[in-house]
Each structure stands twice: as C-alpha cells, then as structure tokens.
Protein chains: 2
Amino acid sequence: MVPSSLLKRLFILSLGPGQNALITPQVHQALSEVSDLFGYGPYIKRLSLPASVTLHPSDNREELHRARQALDMAASGKSVGVVSSGDAGIFAMASTVFEALEKGPKDWQEVTIEVMPGISAMLAVAARVGAPLGHDFCAISLSDNLKPWPIIEKRLIAAAQAGFVLSLYNPISKARPWQLGQAFETLRHTLPGTVPIIIATAVYRQEEHIRITSLSEVRAEWADMRSLVIVGSPYTKTIPSHNAIPWVYTPRFIPS
Amino acid sequence: MVPSSLLKRLFILSLGPGQNALITPQVHQALSEVSDLFGYGPYIKRLSLPASVTLHPSDNREELHRARQALDMAASGKSVGVVSSGDAGIFAMASTVFEALEKGPKDWQEVTIEVMPGISAMLAVAARVGAPLGHDFCAISLSDNLKPWPIIEKRLIAAAQAGFVLSLYNPISKARPWQLGQAFETLRHTLPGTVPIIIATAVYRQEEHIRITSLSEVRAEWADMRSLVIVGSPYTKTIPSHNAIPWVYTPRFIPS
C-alpha cells in the first residue's frame, strides 16, 4: 500500500548538469518514491529508476501542457515527479508548474508540492573554470519566445553598465540563430573588449567543451543549444592554469 | 599509500544550505579522500568525516589567510579540502582561493585544483517558496566590507529598474546593521510597494523561518546573518498554498 503521505504529491526535481554525482541525495530519494515521472524525453530516459515508475516523456517545448498533466495526475491521488535539468527553479519547470497551478482548477490546490533544488548550469560552468561568479552577477535568458527582444537588450545594457557578471541562458538555437550575436554586439558598446567570455557546452558530460575568449574575439557560432555563456565584468580576471584553459575568477573586492 | 593522483590537490567543496541530503555525491566522495580540511569552524565540525582527516577550523573572517594555508599545504604534497556553505563559487571561498593563487608563489601553480558546485542559498530559498527565480534575476552581496556602498546602491537601482528579481546575500550583521534597511529604502523609490519580498532564515535547517511580505511592509530587523533576502520584480506573483506561507513565483513570460 502506498503511504498516505505520498498521495496527491508533486515533486519538482532538479537533475543538475547531467551526471549522477551531481544529483543531490534528496532528489535521488524522491525519484525512488514517485509512481509517475514527467520530463523531456532524453533527460528521464537516462535516469536509473525502479521498474515500477511510469515514464511520461515529452518534447522540450510542451512545458505548460506537461505541468498541467502532472498536476492533474497528482490531484487524482498519485505521487508524481516532474524533472528539469539544472535547477528546476531557474528558467525551468518550477515556474511553469506554479503558472499552471494558478490558472488551474481548485482541486489542484490540494496537491502537496515540493521543489527540490539542483546544480544550475551557471554553477556547474563556474566550478569548471574557477570562480567567475565570485562577485555580483545576473542571469538572463536570451529566449525571445518568452519576452520581447527589446527587454532583453535593456537588461543586458543595464547589468553590464552596473558592473555585474552576466550568465546567459538559452543563448542560441536553430529557431533563435541571431540573438547571441546581437547580444555580444550590444555588449561591445558597453564593456571593454578585453572582458573574459566563457562559452561552455555540455559541462560535466563526455562531450564537454569549454572555450575562454574575450568580448572582442568571441563569435556566436561557438555556442550551441547545450551551451551556457558567461560574460565577465571589467573586474573579472584570467590566470594561468595547467589545464587546457586558464582559470577565470571575479575578485570579491572592489577598491574604493 | 596515497595514490599519486591525490597528491598536490586542492578540492574547493560546496556544502549547500546545511543538510546532508543537499550535498552532492561528488562532494561527499571528495570529503572522504582529503587528508586535511579547512573551513569555518561550525561548518566543518558538523560533517561526518573519516577519523583520518585533520580539521583546520577557522573564524569566518579569515578567508584569504585560510586560502593561502590550504594552497601551501596542497603544494607540499597533500590532498586538501576547503569548504564553503552554499555554493563555493558564489560570494564564497572559490574566488578567495584564486585570488590567493594569483598573488602567491609560483609553486602553488603545480597544485591541481577542482571546484565542486553546490546548492547556493538563493536556490535553496527559491525551492522552499516556489519559483521566485523563474525569470531573469541578479545576485548582489550587501557587504560593504568588500566594495563601496555607492556601488551597491547603483547596482540595486539598475537591476530593479531593468526588471530583474534580486537575491541579496549577506544582508545584515552586527557589524553591518543599516545596509539592508537602506537597500529597502532605495528600492522603494524604484519599485512598486506591492512587489513580494522573501526573508528566509536558516533554510533547510531545524530553525528555518521564512516570511513572505511586500516592499512597503518589510522591515530589515526581520533578517539576521543567517538570512537570504529575495526582492521580487513587478511580475512576481504570490498564490495561495496550504503551507504556512503562500507560493511565490516569477512567470517565464513577459507579454509584448
């Protein structure tokens, strides 16, 4: 018998960058307790799960539909998981689930929801190259499916002018080929050409590729849809390393 | 015999918000491999470690000194860990270690350094209240030990005006009693009084306390040095929950 504490439950689960050693024990435990699991097909198919779990793989563009299905199934009395790569709370499924909850039928409010955090892409990338997020920073999604491009440009300029390091999520895709190049062009009017740029693709996976360059040199085609881009501030430094790439870090101090 | 792969190594280890279930298996593994461990006393004393590990607890203000000691010991041939709560890369030890490395003797560059990411405070807080970081956001440290206060004010205003959600690290302490109140006062000139504010203290620990309020109502004395503060954007919403506090989320969409 399923314990009643597991009925009408929805776990929103963060899978981190894609390596088991970077998934928290909290999430591993929840994955072993759910009866049904929703998520983007490639993510949920690579998890090792009990045979009893029913998988509901979906396309990566069907997020709101997926959130509604998961809430509906949980409200029917099941213990359901929804997974995101990275951290579910950052440009991912958690916000979508709450949006669905807000607009959905009253009985969905009886579902016990728990969000479980994870290693977001910018944390993973930062760890691989040193400490570029060691001081004030912003995270911006470059996807203009979800907001008008002029808002994105305004935010890039405001953040760069104020001295924040920038983490750029969803930098480029087949459907959005020009936005990253345009963002670099915009930033070249605001920041020195020497600021370090990190283009990190598929971090912590076998095909990991990381390039450290500068704003004047960077080319948007070095990124793909598996990439995260970090744009340094004028304070961000590179220092020699015996790795293939230098270390990048942003000092804690700004002198008066 | 210690395997040679573990000699001259420095692991920079993220402990997350303070619960074992939120420390990644990668960090747990590294903790079992080091010979020496540096960190703020209360953090390293609560870890369950092999008896063979030598602890080097320190005061929380001695960060650069601690980083130098750790690099020096690793360069002498040992396998050393340095721990941070949250994510070591965000306002924490990783940046300090690279600062020490940059300024230190040449032979420190022979040390193999690995940074291991973790659940930063803002990710933990976001998960506990819903998805306030579901859209573009900034992280700002309010500590003016490390940068002049006018830079902090400028960043608060720039980020709020551009529509970012704000995560405020190091909001208040005995030595810095007025900065958080001043930050709220500054933000009241830029943002509507209705934007949601989260004051989250000691999340995922037994003494966890979370308060959801608004910019017009919030008082700085509700925070202490264990708190993280999240200031919503004008798009951030609260919705009813059967928890003690409402859900808070920031939608993915901004309409044109």
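Each chain gets a letter, A, B and so on, in the order the sequences are listed, and its residues count up from 1.
Considering all non-hydrogen atoms of both residues, B:D136 and A:S141 come closest at OD1-N, 3.0 Å. For B:A127 against A:V115, the heavy-atom pair with the smallest separation is O-CB, 3.4 Å. Nearest approach of B:E99 to A:Y249, heavy atoms of both residues: CA-OH, 3.5 Å. Scanning all heavy atoms of the two residues, the minimum distance from B:R155 to A:Y235 falls at NH2-CE1, 4.2 Å. In terms of heavy atoms, A:L22 sits closest to B:T24 at O-CG2, 4.0 Å.
Using a 4.5 Å cut-off between heavy atoms, A:S143 makes no contact with chain B at all. Only the side chain of A:I151 comes within contact range of chain B, with at least one heavy atom under 4.5 Å from a heavy atom of that chain. Residue B:I12: no heavy atom, backbone or side chain, is found under 4.5 Å from chain A. Residue A:I152 does not touch chain B at all, counting heavy-atom pairs closer than 4.5 Å. Of the atoms belonging to A:L133, heavy atoms from both backbone and side chain fall under 4.5 Å from chain B. Only the backbone of A:Q161 comes within contact range of chain B, judged by heavy atoms closer than 4.5 Å. At a 4.5 Å heavy-atom cutoff, B:M93 makes no contact with chain A through either its backbone or its side chain. In this structure, no portion of B:A126 lies under 4.5 Å from any heavy atom of chain A.
A salt bridge between B:E63 and A:R252 is present, with a side-chain N of the basic residue lying under 4.0 Å from a carboxylate O of the acidic one.
Taking the six-membered ring where the residue is Trp, A:F98 and B:W247 present tilted rings, their angle falling between 30° and 60°.
Top candidate by heavy-atom pairs under 4.5 Å with chain A, chosen from B:G118, B:P240, B:G16, is B:G118.
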